[in-house]
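These figures come from a predicted structure and were not determined experimentally. By convention here, the first residue in the shown sequence is residue 1.
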Amino acid sequence: MDTEQVALSKLPGCTENVAKFKNSFSQIEEANARSEFDGSGITQINQDNRDNLENDTISVVVKVKAYARYNKDYNLLNDIDYTATKLSKLSAVSLLNVSQSVYIRGTEVLPKATGFDLKQEDLDALDESYKAYKATYNQPTINRLDNNLSKNNLNALYKEADDTLEQIDIVIEIIRYTNPTLYERYKAARRIEPTGSRSYTLKGMVTDMSENSISGVLLTFLEVDENNTLVSSEPVITKSTADKGRFNVKTIEEGRYRVTATKIGYKAAEQIISINGDNPDLFFKLETV
């Protein structure tokens, strides 16, 4: 459409729709990048911060506990009666509350806890880890929400782009006979290709020629095109038959595959299959060598 701006500008609303489509396309690229955002790094940072907070909290707890036991301060002992296991089971908010409480009690005890190895550095470390975890503990949830919003926005942009192209399709019909060369070029470029594929399950069984089941048969799935030419030499799926010669592929994408069944002592066999939703069970019969 960029190379034929002059010819297309003569069609009703085509210039505006081409500009609108290009704008939608740019937004789709941006939204697609956001929808594929991997928040695993932030999740790991959040977990690291939690680990640090638990460790710094228990470090102070152990020393304050020793002081409380020695001085028979049972109220204090009850207030900081935490173990590493208890801390690990707390929710994020509860952990933050507990660590803050431990920090307060540790600060109160510090001037009196000479000889119990409680230092200001311990309390400072606890305070820093508290702030770090508080800043990130809900970030994975926020990222998931942002990711979902981006996907919804992406779907809306695809719909907008499709609607715009349909408007262009309508006016292109005007030049079917007056400018057949441009019309055919447009139609050739305006092909519809699926942007995703559906996945299905596939079950099957491998037997010998006497219909006795064979376990341990290796099934290799290679993708092929409409002419049964290999798309890639890398297997899409490999599967082995179970004790009764059965196999179950839980997820296989829509498409065509060359499936090869091999096992030492048997002749290899292969079939071409199409996965499109209406998939009968796949059976192999292997001859002995």
Side-chain angles (χ1 to χ4, degrees), residues 26-160 195-196 199 250-251:
S26 298
Q27 292 184 65
I28 285 170
E29 288 185 315
E30 183 180 345
N32 191 52
R34 287 198 303 270
S35 71
E36 293 175 352
F37 172 76
D38 179 9
S40 59
I42 289 177
T43 302
Q44 186 58 53
I45 291 171
N46 174 63
Q47 184 59 53
D48 291 344
N49 286 340
R50 177 173 180 124
D51 291 343
N52 290 337
L53 181 56
E54 289 180 14
N55 292 335
D56 290 339
T57 301
I58 206 65
S59 175
V60 173
V61 163
V62 167
K63 295 168 185 178
V64 175
K65 267 187 177 180
Y67 168 84
R69 286 194 181 115
Y70 183 81
N71 291 281
K72 297 181 180 179
D73 188 340
Y74 299 112
N75 288 331
L76 175 59
L77 194 59
N78 184 65
D79 287 346
I80 49 101
D81 187 21
Y82 297 104
T83 64
T85 301
K86 282 185 179 180
L87 293 180
S88 68
K89 294 179 179 179
L90 293 175
S91 67
V93 174
S94 295
L95 177 61
L96 287 167
N97 290 336
V98 166
S99 62
Q100 191 172 41
S101 175
V102 169
Y103 174 82
I104 292 170
R105 298 315 301 268
T107 302
E108 294 170 353
V109 167
L110 181 62
K112 303 176 284 186
T114 304
F116 289 90
D117 200 31
L118 181 63
K119 303 182 181 67
Q120 183 61 49
E121 291 88 334
D122 299 326
L123 298 171
D124 291 342
L126 176 55
D127 186 46
E128 287 301 316
S129 58
Y130 168 85
K131 292 175 181 176
Y133 184 54
K134 187 177 181 181
T136 63
Y137 81 92
N138 64 346
Q139 194 60 47
T141 301
I142 293 172
N143 287 334
R144 283 194 295 272
L145 292 173
D146 287 346
N147 184 263
N148 289 336
L149 288 172
S150 293
K151 288 180 178 178
N152 290 337
N153 186 40
L154 183 60
N155 290 333
L157 289 169
Y158 274 127
K159 177 64 168 58
E160 181 180 290
T195 57
S199 59
K250 293 183 178 180
T251 303

Test side-chain contact (heavy atoms from CB on, under 4.5 Å) on N75 and N78 and set out the steps. CA-CA 5 Å; N75 288 331; N78 184 65; 5.8 Å; no

Does the pair R105 and V60 meet the rule for a side-chain contact (heavy atoms from CB on, under 4.5 Å), with working shown? CA-CA 9 Å; R105 298 315 301 268; V60 173; over 6 Å; no

Has the side chain of D122 got a donor or acceptor atom that lies under 3.5 Å from a matching backbone atom of L118? no

Would you indicate whether the side-chain heavy atoms of V64 and V102 approach each other to under 4.5 Å? no

Say you draw a straight line from OH of Y74 to CG of D81; how long is it, rounded to the nearest 0.5 Å? 13.5 Å

Residues that N97 engages under side chain to side chain contact (heavy atoms under 4.5 Å, CB included), provided they are two or more places apart: V93

Please name the pair of heavy atoms, one in Y133 and one in L95, separated by the smallest distance, quoted to 0.1 Å. CE2-CD2, 4.1 Å

OG1/T57 to CD/Q100 distance, rounded to the nearest 0.5 angstrom? 11.0 Å

Walk me through whether K89 and T85 qualify under side-chain contact (heavy atoms from CB on, under 4.5 Å). CA-CA 7 Å; K89 294 179 179 179; T85 301; 3.9 Å; yes

Heavy atoms of T83 and I58 approach each other most closely as C-CD1, 3.5 Å

Not counting sequence neighbours, which residues clear side chain to side chain donor-acceptor pair (under 3.5 Å) with K65? List them please. none

Looking only at heavy atoms, what is the nearest atom pair of Y130 and S99, with distance? CD1-OG, 3.4 Å

Correct closest heavy-atom pair for E54 and R50 would be OE2-NE, 2.7 Å

Heavy atoms, side chains only, cut-off 4.5 Å: are I104 and E108 in contact? yes

Spacing of L77 atom CG and Y67 atom OH [to the nearest 0.5 Å]: 12.5 Å

Tightest non-hydrogen contact, residues Y82 and V61, listed as O-CG1, 3.6 Å

Can a donor-acceptor pair be found, under 3.5 Å and without considering hydrogens, that links the side chain of N55 to the backbone of D51? yes

Measuring only between side-chain heavy atoms, which start at C-beta, is V109 closer than 4.5 Å to F116? no

Applying side chain to side chain contact (heavy atoms under 4.5 Å, CB included), name anything that partners S129, two or more places apart in sequence or on another chain. N52, L53, D56, L126

Going by an N to O cut-off under 4.0 Å, is there a salt bridge joining K119 and D117? yes

